[in-house]
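No experiment lies behind these values; they were computed from the predicted model shown. Numbers restart at 1 for each chain; the letters A, B, ... are given by sequence-line order, proteins then strands.
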There are 2 protein chains.
Amino acid sequence: MPRQASSSPAPRGRPRDPRTRAAILTAARALLERGGLTSVTIEAIAQKAEVSRPTIYRYWPNAPAVAMAAFLEATGASDAVKSPRAPLAALRAQLHALADAFTAPTGRSVAAMVAAAQSETELAKAFRNEFIARNRDATRALLERCVADKSIAAPDDIELSLDLIFGPLFYRLLMGHAPITHGFVDRLIDAVILTRG
Amino acid sequence: MPRQASSSPAPRGRPRDPRTRAAILTAARALLERGGLTSVTIEAIAQKAEVSRPTIYRYWPNAPAVAMAAFLEATGASDAVKSPRAPLAALRAQLHALADAFTAPTGRSVAAMVAAAQSETELAKAFRNEFIARNRDATRALLERCVADKSIAAPDDIELSLDLIFGPLFYRLLMGHAPITHGFVDRLIDAVILTRG
DNA sequence: GTTATATTACGTTACGTATCGTAACGTTAA
DNA sequence: TTAACGTTACGATACGTAACGTAATATAAC
């Protein structure tokens, strides 16, 4: 039987210790939540993770990249809401949870990664294709269930609907001109439902 | 006649050369539009403006602060749209102009300042109280004229209306998942009008 | 009025520090 | 033998500040 020519490219040499990667990401995550993006330096990560600096560079090209990886791995863990509820209630619950996350310390991390994504294209792609897409996908799915359920009318443009919901949420998170309450979220949902956006 | 005890606190010593300040801001603005926030370093500004580094520190505490000042002075110059038009048309025109600015190189500067505002409270306040407030004030005024004009129904919450318009605009600017077209702006306006947000 | 003197704006130079990214070399695990 | 790590070291960049000299303007003394 020939070698598996696909997923396993015949690993040779000493394998990477998975604890190394985990330690780096954990340290980066902790630094990010406390001091924001500016405190996530390679040196600080190395010290906190008890790993040498060159090792970190063997995994990622720079500090913001580590921060982004840590952020995405941390937020990606959250499973989709198992909802025995009605889809519209599930939609509300899902967005309330996001609002709570934005209000919690996690919110500052989200804002920090939005900021980081502005200076490097690679980070922007990663953030958009993972964090942003995840949220949009989850909400889109629930919106479609609502439509199928006839609990709301079919929107003209579901992508616009998503922008109408997420846009103001991020806007308040980033500008801080007004709080992100459940009531605020409910009004956003109402706006989308009424306008058939 | 006694001294004016108010606005002029009797300036003594050598007055600041206004060209110095102007040169610094101009240089910072140019650097910002090209290389983004990371290329706005005190050293680069000093060289481009032909000013010494210590002088820059006499005006501002750090590089992002200079960038913010340059940005706010540049964008603040735009006068309110003189509109002999109907208020609703003026509203569309105003937001189309903003969309154009977001699409142009200026948009990258806006995004950069949003990012900068995430790490320093002072910058956040300045950005929110000047740039964000300016845009909201202008749009709020036009919305109120529309209501007075009876060209649209009175929104339940005009601040929410502003969030529904600006939120998605900034969202697309920062995430880059979809283009910022005039059609997009028109749909945002429609959403606000229909929902009485 | 003219001349000191204080005060401030600026340039020049220099310093110590932080963080960067990389290179060289030895050690350890497969 | 190969690659993952640690250790150490290096040059580079930018930081923020300090010290000093000079230029420009006010106020006060004569």
I'd like to compare against my own output: the B/S/- annotation of nucleotides 22-30 of chain C with a strict under-4.0 Å heavy-atom distance to protein. BB----BBS
Is any side-chain nitrogen or oxygen of B:T20 closer than 4.0 Å to OP1 or OP2 of C:dC10? yes
Of A:P18 and B:A63, whose closest DNA chain D nucleotide lies nearer the 5' terminus? A:P18
Less than 4.5 Å apart, any side-chain heavy atom of A:L143 and any of A:P155? no
Contacting residues from residues 23-50 of chain A, given that a heavy atom lies under 4.0 angstrom of DNA chain C: A:T41, A:I42, A:E43
Under the salt bridge (Lys or Arg N to Asp or Glu O under 4.0 Å) definition, can you give me all pairs with a residue in residues 108-120 of chain B, not counting sequence neighbours? none
Expressed as a whole number of angstroms, how long is the span from B:Y59:OH to C:dA9:C1'? 7 Å
Of all residues at least two apart in sequence or in a different chain, which pass the salt bridge (charged side-chain N to carboxylate O under 4.0 Å, His left out) check with A:R140? A:D137, A:E159
Residue pairs involving residues 12-60 of chain A (criterion ring-ring contact (aromatic ring centres under 6.0 Å, His included); sequence neighbours excluded): none
Strictly distance-based, threshold 3.5 Å: is any side-chain N or O of B:S119 a donor or acceptor partner for the main-chain N or O of B:A116? yes
Please list every donor-acceptor pair under 3.5 Å in which a side-chain atom of residues 25-35 of chain A meets a protein atom from a residue at least two apart or in another chain.
from, atom 1, to, atom 2, distance (Å)
A:T26, OG1, A:A22, O, 2.8

Is the side chain of B:S151 donor-acceptor paired with the backbone N or O of B:V147 at a distance under 3.5 Å, no angle test? no
Here the distance between atom C1' of C:dC20 and atom CD1 of A:I56, to the nearest Å, is 12 Å
So, A:N129 side chain and A:K125 main chain: donor-acceptor pair closer than 3.5 Å or not? yes
